[in-house]
Amino acid sequence: MQLKLICLAFANCLFLSSVQVSAQSPEGWTTPYPAFRVIDNLYGVGLLDLSVFLITSDEGHILINTGLEDSTALIRENMESLGFRIEDVAILLTMQAHWDHTAALAEIKQISNAEMWATVDDARVLEDGGFSDAHFGGRESFEPVIVDKIISEGEVIELGNIKLTVYDHPGHTEGSSSYSMVVNENGRDYNVVIANMGTINPGKVMEVDPTYPGVSEDFASTYRRQKQMDVDVWVAAHGSQYGLHDKYKPGQAYSPDTFVDPQGFVAEVERLEEIYLEQLAEERSN
Ligand SMILES: [Zn+2]
């Protein structure tokens, strides 16, 4: 069974068969990458081009995303290099319920006893292991994980000193979500956004017989609302989406300003919106 094309980052396009999901994954999905501090209590603990974010507090941590199913050890090592334990993760979140970001959730949940929180539409996909995904579904693509709590737009997740606001940013998946928080470094407040970008996987259909009902409106509203966000620092589900490797090199001294890039965020949302509009025009011309 062919699994269709995947193109999660800009250039990562390839054909995968159902049995070769991890064997033929893009290098950036399996290559280790050293942990780094984004700003304040937000850290990157993922892989070269798969983002896993850690937000720490005295009362447990929030972990956003995993990598592929064998990524647990790398995430654990990255957390330990920063002085944190995977067992102390209290809440697990996702940005988009696709297997390259979810496949180790069940294992980490078991190790840490953390609760899995998700938006209603990504919760469904998490609980059936990707089976009901509108685009890549029809088969299980990762180990199902039980969702303990449904989160939705505007909700503030509180854990210790963490206050993390939830945004519904659907389109890439039906339940895609972003998160924001305000941190203070050296007397200055920074608006930090962990953004799920509205990238369109090849083969998605917007209008006639759409990938899922409302997908086109979902993308349009996500772009519109993301452009209105107050952003100083932003990161995204793939390092390549937010210019990780241009902004930061491993070993670089910490500065709260390393990932400050408000114009870059708007420019990237506009670029993706342009691609969406081109696809709409293309669909309408057929
Ligand atoms: Zn995806």
Side-chain angles (χ1 to χ4, degrees), residues 2-16 18 20-22 24-30 44 46-53 63-69 71 92-105 116 118-119 121-145 167-179 193-206 210-212 215-216 218-219 222-223 226 234-242 244 268-269 271-273 275-276 279:
Q2 282 292 341
L3 190 73
K4 303 176 191 168
L5 265 176
I6 321 178
C7 191
L8 296 170
F10 304 151
N12 291 339
C13 298
L14 62 164
F15 278 101
L16 301 176
S18 59
Q20 292 169 318
V21 164
S22 55
Q24 289 189 8
S25 297
E27 221 181 297
W29 293 7
T30 52
L47 299 109
L48 184 68
D49 193 41
L50 279 183
S51 298
V52 180
F53 296 110
L63 190 74
I64 305 176
N65 305 335
T66 70
L68 300 172
E69 60 190 354
S71 60
L92 290 162
L93 301 173
T94 56
M95 301 169 72
Q96 45 169 285
H98 279 156
W99 69 93
D100 51 326
H101 308 283
T102 59
L105 284 171
M116 179 80 237
T119 59
D121 287 316
D122 268 3
R124 185 195 72 231
V125 177
L126 290 170
E127 292 197 325
D128 66 21
F131 199 90
S132 65
D133 180 85
H135 193 51
F136 293 120
R139 57 180 286 274
E140 197 176 289
S141 48
F142 59 90
E143 191 182 341
V145 53
Y167 300 81
D168 288 330
H169 282 159
H172 185 81
T173 63
E174 287 178 76
S176 286
S177 50
S178 303
Y179 306 92
V193 176
I194 300 157
N196 199 73
M197 307 305 284
T199 52
I200 302 170
N201 290 124
K204 274 209 159 173
V205 181
M206 297 296 161
T211 299
Y212 67 83
V215 61
S216 187
D218 276 357
F219 274 111
T222 291
Y223 302 130
Q226 286 186 337
W234 70 288
V235 290
H238 294 271
S240 53
Q241 290 178 326
Y242 69 96
L244 164 62
E268 182 56 13
V269 174
R271 192 185 72 83
L272 295 173
E273 185 176 32
I275 292 169
Y276 159 81
Q279 174 160 343

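Numbers here are sequence positions counted from 1. Both counts, for ligands and for their atoms, begin at 1 and track the order of listing. Because the structure is predicted, anything quoted here is derived from the model rather than measured.
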### Message
Looking at Ser176, is its backbone amide N or carbonyl O close enough to the side chain of Thr173 to form a donor-acceptor pair, meaning the two atoms are under 3.5 Å apart?
### Response
yes

### Query
Any N/O/S of Gln96 under 2.8 Å from the Zn ion (ligand 1)?
yes

### Task
Check His98 and report its N/O/S atom nearest to the Zn ion (ligand 1), by atom name.
ND1

### Query
Any side-chain donor-acceptor pair under 3.5 Å between Tyr167 and Thr222?
no

### Task
For the pair Ser51 (side chain) and Val235 (backbone), establish whether a donor and an acceptor sit closer than 3.5 Å, ignoring hydrogens and angles.
no

### Query
Do any of the N/O/S atoms of His172, backbone or side chain, fall under 2.8 Å from the Zn ion (ligand 1)?
yes

### Query
Taking Thr66 for the side chain and Ala104 for the main chain, is one N or O donor matched with an acceptor at less than 3.5 Å?
yes

